[in-house]
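All remarks here apply to the structure that follows.
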Amino acid sequence: MLSSLSARIAAIGLVVLIALASLAGLLVDASRQTSQSFERAGHSVEVIETTEAALGDLREAESGQRGFIITRNPAYARSFVERVERSARNMAIAVQQTTDNPLQHARAREIALLMAQRAAFLREPLILARRGDFAGAVAIVASGRGRELMDAISVRAKGFLDEERALQTSRQDAADRRLASGRRLAIIGAVVVALLVVGSFALLIRGIRRPLATMMRAMTALGEGEQDARIDTAMGSEEFNRLAQGYNAMAERLRNAVADQANSERQLQTANAELHRNSETLRERGSVIGLLGGMSHRMQAARTDDELAQIIKVFVPRVLPNVPGALYAHNNSRNCLVPIASWGGTNVPLEGFAPDRCWALRRGQSHYVAGLGGDIVCGHVGEDEVYHCEPLLAGVR
């Protein structure tokens with residue numbers, strides 16, 4: 001009896017171990033493939049973010065160039081150099097990131113070359129302006145010769161980013177499919193193993209009712225989702241004791257596999273949430289950049305204080321929603337600041353105030369009070385107000 005039981009248990013144990021090894025191997029492979037899919041999807045996100053940052057810096061460099069030529073403020077020139085250098089660095093990173101994709105790599109290199117040409121073209125009027133030839137610099141900018149090059153960059157960048165987003169979507173879909181397949185594999189594998197063990201031991205139930213009943217209770221609990229179900233009682237024979245140990249090991253491996261699968265699912269959910277947040281942030285930044293660009297172009301074209309005030313009233317509330325404020329300008333005698341625009345329900349006195357009552361103008365830099373007693377209060381606001389003063393250097397044609 002013992003010899004026959006031992007042989008049968010040995011055969012059953014061998015079958016169970018093979019099934020468990022196969023299931024564990026499949027689950028490990030599925031987990032590895034899912035992780036790789038997540039990494040590839042994340043890589044596409046990095047390429048998109050790096051490329052968009054490079055394009056944004058190039059546009060900001062162009063704004064800095066025009067700001068210096070128009071206002072003659074050296075801060076804009078410094079901003080131009082910083083933006084051009086950062087744009088080149090980011091695009092070089094994007095080129096390096098796409099080495100695994102020959103088509104995208106070639107597109108990235110082409111965009112990087114066009115951006116370098118655009119940066120070189122932008123430097124020409126900047127060099128003239130630094131030499132004092134602002135009229136020549138304005139003439140180059142007004143000629144619009146660099147617009148075709150910027151349009152070429154935009155077209156190629158759009159194709160490049162669209163392809164990378166398509167790759168991101170396909171990689172994300174592949175990760176979803178692999179994750180779902182892994183879940184199905186874990187469930188089917190657990191059911192198959194449980195049925196295999198239960199069916200095999202049912203043949204021995206007449207002579208081994210008590211140990212088999214114990215085994216069945218444990219297996220049933222495991223099949224119903226109790227991952228901590230284990231056999232911790234004496235089985236009455238060495239054979240059953242060994243089988244109980246094998247079952248416990250199986251249950252432990254299965255629990256670990258299910259835990260790994262759950263962890264992969266959480267990672268996917270986290271990645272999806274992060275992608276959604278990044279997408280929202282990019283859309284918001286794109287909207288604000290568009291508004292700022294429109295506002296900048298119109299401010300450059302403004303001819304009178306009234307036109308400038310109208311531009312401020314239209315665009316500032318959209319760029320800074322729920323932030324009230326007002327714009328003041330020097331009068332003809334430059335001995336008083338008078339309001340020319342306000343927004344957000346701000347009530348301002350029409351008579352204005354003397355320039356020396358504003359600490360921002362006196363210091364030539366931003367001045368703000370974030371809370372009571374946080375800093376010196378300007379003479380043109382109340383003692384208990386929270387505010388921010390920003391001195392601006394601007395002119396109209």
Side-chain angles (χ1 to χ4, degrees), residues 56-57 59-83 284-285 287-397:
D57 285 332
R59 296 188 184 97
E60 289 295 329
E62 183 177 2
S63 297
Q65 176 230 54
R66 294 184 178 181
F68 174 63
I69 293 173
I70 294 173
T71 67
R72 306 186 183 185
N73 186 345
Y76 288 104
R78 290 193 295 272
S79 173
F80 171 86
V81 174
E82 294 172 357
R83 293 289 186 177
E284 291 175 0
R285 290 180 180 176
S287 176
V288 172
I289 290 173
L291 288 173
L292 289 175
M295 177 178 173
S296 175
H297 292 161
R298 288 164 177 77
M299 290 179 70
Q300 293 174 20
R303 297 179 179 275
T304 65
D305 285 346
D306 290 338
E307 290 181 349
L308 181 62
Q310 184 179 5
I311 294 170
I312 293 296
K313 288 180 180 179
V314 171
F315 281 91
V316 171
R318 296 167 63 189
V319 176
L320 300 174
N322 302 321
V323 179
L327 177 67
Y328 290 82
H330 284 284
N331 61 0
N332 293 333
S333 302
R334 301 189 66 82
N335 61 357
C336 181
L337 288 169
V338 295
I340 64 172
S342 64
W343 60 90
T346 302
N347 294 321
V348 295
L350 297 179
E351 65 273 12
F353 59 89
D356 61 0
R357 299 186 66 192
C358 180
W359 281 96
L361 291 176
R362 292 169 66 178
R363 299 168 63 207
Q365 63 184 37
S366 299
H367 184 79
Y368 63 92
V369 176
L372 187 62
D375 206 333
I376 300 173
V377 179
C378 294
H380 60 88
V381 298
E383 289 291 334
D384 57 348
E385 290 191 31
V386 175
Y387 69 96
H388 185 118
C389 287
E390 187 69 36
L392 301 177
L393 294 177
V396 296
R397 296 195 300 269

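- Remark: the backbone N or O of Asp356 is paired with a side-chain donor or acceptor of Arg362 at under 3.5 angstrom.
- Not a single side-chain hydrogen bond (donor to acceptor under 3.5 Å, both in side chains) links Asp375 to another residue, sequence neighbours left out.
- Scanning all heavy atoms of the two residues, the minimum distance from Trp359 to Cys378 falls at N-SG, 3.3 Å.
- Legend: residues meeting side-chain hydrogen bond (donor to acceptor under 3.5 Å, both in side chains) with Arg363, ordered by chain and number and at least two apart, are His367.
- Heavy-atom minimum distance, Ala329 versus Ile340: CB-CG2, 4.0 Å.
- Within the model, atoms CD1 of Ile311 and NE2 of His297 stand 12.0 Å from one another, a figure rounded to the nearest 0.5 Å.
- Residue Ile289 holds its CD1 atom at 6.5 Å from CD of Glu60, rounded to the nearest 0.5 Å.
- For the residue pair Pro317 and Trp343, the shortest heavy atom distance occurs at CG-CB, 3.6 Å.
- Applying the side chain to side chain contact (heavy atoms under 4.5 Å, CB included) criterion to His330, with sequence neighbours excluded, gives Arg334, Leu337, Pro355.
- Under the 3.5 Å distance criterion, the side-chain polar atoms of Ser342 are left unmatched by any main-chain donor or acceptor of Ala326.
- Closest approach of Cys389 to Ala360, counting heavy atoms only: CB-CB, 3.6 Å.
- Contact between Thr346 and Pro324 at its shortest, heavy atoms only, is OG1-CB, 3.1 Å.
- Legend: residues meeting side-chain hydrogen bond (donor to acceptor under 3.5 Å, both in side chains) with Ser366, ordered by chain and number and at least two apart, are Glu390.
- Contact between Ile376 and Val369 at its shortest, heavy atoms only, is O-CG2, 3.7 Å.
- Among residues two or more places apart in sequence or in another chain, the salt bridge (Lys or Arg N to Asp or Glu O under 4.0 Å) test is passed with Arg59 by none.
- Within the structure, every pair that satisfies the ring-ring contact (aromatic ring centres under 6.0 Å, His included) test and touches residues 369-390, not counting sequence neighbours, is listed here: Phe353-His380, Tyr368-His388.
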